[in-house]
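Pasting a structure below so you can have a look.
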Amino acid sequence: MSSVAYLLGLIVGDGGLYLLRYKGGRTEYRVVVTQKDAAIAENAAKMFHSLLKELGLGSKVQVISGRTRVEVRVSSKRLWQLFNDKLANLEGLAPDERIAFIRGLYDAEGDKTGRRARLWNKNRRLLDLVGSWLRELGIESRVYLDDKRHGVYVLEVPSPYRRRFFELLYPPQPPDSSGVHEWINEVPTVPARGPANPPPGAQSWDPRRGEKSLWSFTAACRCGGAGGAERRWER
DNA sequence: TCATTGCCGGGTAAGTTCCGGCGGA
DNA sequence: TCCGCCGGAACTTACCCGGCAATGA
């Protein structure tokens, strides 16, 4: 189910899986995606809707518009467990799921200018894993420390492989009914050095800025929902 | 000369975790 | 009473963007 993998990529990049413990013994299981772009958030919401329906769950998909972003939130223990399990077994993703995961991750944390193919994250192991998947697909990449202030790494696909990378993630085909935002299918040819401000309609890269996420393999493997803080994300 | 890419600073769009409330088992 | 789901928002920082300089063809 590549839509789950895509959503997981979005969650890892622009959201989180939270087990919240409140006073009085109350708990909440949250699956969250945050986005500035309302259209992307809406499509994520649609995909969550479909997934909940498929799983026979009646949880509400909340789309909360904030001052600077839109939060798509599903409060559901079963959905939280589903994504947790998938995250714990990330290395066991099928090939098509890997591509979907990378696409979700790139939608969340990738360079949208199209001038370079970069993917930022504090978790070097995650980027190394993505790099190894790309290598298996014939796409070389490098991982280096990009932001020494915050210890943020970047995975960069060098120019000889850039076009292939974008074609892999966003194959030139008409938008299907998967609910994924159209623009992800509109970037088959990314210029080696394109215009900084392309004309409206020329492409649909969204110049978003500022996302963060921290994902831990160890946390993913250990946080099965039993005991402890159960946070999937570490600071 | 030009394309590529490692590095870096700016600043905001994310992430994270509180709160109170409600309802079902 | 316990637990899970809903709705909101405050607070902090991890990203992204884009420029610059070094490098090499």
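Computed from a predicted model, the values in this text were never measured in an experiment. Just so it is clear: chains get the letters A, B, ... in the order the sequence lines come, proteins before strands, and each one is counted from 1.
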* Asked: For A/D146, what residues pass the salt bridge (Lys or Arg N to Asp or Glu O under 4.0 Å) criterion, not counting sequence neighbours?
  -> none
* Structure fact -> A/H150 meets the side chain to side chain donor-acceptor pair (under 3.5 Å) criterion, sequence neighbours left out, with A/D147
* Whole-Å distance between C/dA14 P and A/L126 CG? -> 15 Å
* Calculate the interatomic distance between A/N121 atom CG and C/dA14 atom C1'; express it in whole Å. => 9 Å
* Asked: A/T34 has a side chain; which of B/dT4, B/dA14, C/dG4 sits nearest to it?
  -> B/dA14
* A/K122 NZ - B/dA14 P separation (whole Å) -> 18 Å
* Check the distance between B/dT5's C1' and A/Y161's OH and give it to me in whole angstrom. => 15 Å
* Apply ring pair (Phe, Tyr, Trp, His ring centres under 6.0 Å) to A/Y161 and list each qualifying residue two or more places apart in sequence or on a separate chain. => none
* Under the salt bridge (Lys or Arg N to Asp or Glu O under 4.0 Å) test, which residues partner A/R69, sequence neighbours left out? -> none
* Structure fact -> Sequence neighbours excluded, the answer for side chain to side chain donor-acceptor pair (under 3.5 Å) partners of A/S75 is A/E28
* Asked: When the distance from CZ of A/R115 to P of B/dA3 is rounded to whole Å, what number comes out?
  -> 13 Å
* Asked: Other than A/I64, what residues sit in its cluster of Ile, Leu, Val, Met, Phe, Trp and Tyr side chains whose heavy atoms are under 4.5 Å apart, directly or through others?
  -> none
Show the atom names and distances, to 0.1 Å, of all donor-acceptor pairs under 3.5 Å that link a side chain in residues 126-138 of chain A to residues at least two apart or in another chain.
unit_1, atom_1, unit_2, atom_2, d
A/S132, OG, A/L129, O, 2.6
A/E136, OE1, A/R98, NH1, 3.1

Check: protein-nucleotides 6-8 of chain B nitrogen or oxygen pairs below 3.5 Å:
unit_1, atom_1, unit_2, atom_2, d
B/dG6, OP1, A/R142, NE, 2.9
B/dG6, OP2, A/R142, NE, 3.2
B/dG6, N7, A/R116, NH2, 2.9
B/dG6, O6, A/R116, NH1, 3.1
B/dC8, OP2, A/K148, NZ, 2.5
B/dC8, N4, A/D146, OD1, 3.0
B/dC8, N4, A/D146, OD2, 3.3

* Structure fact -> Readout for nucleotides 20-25 of chain B: B = base within 4.0 Å of protein heavy atom, S = sugar-phosphate only, - = neither; 5' to 3' it is BBB---
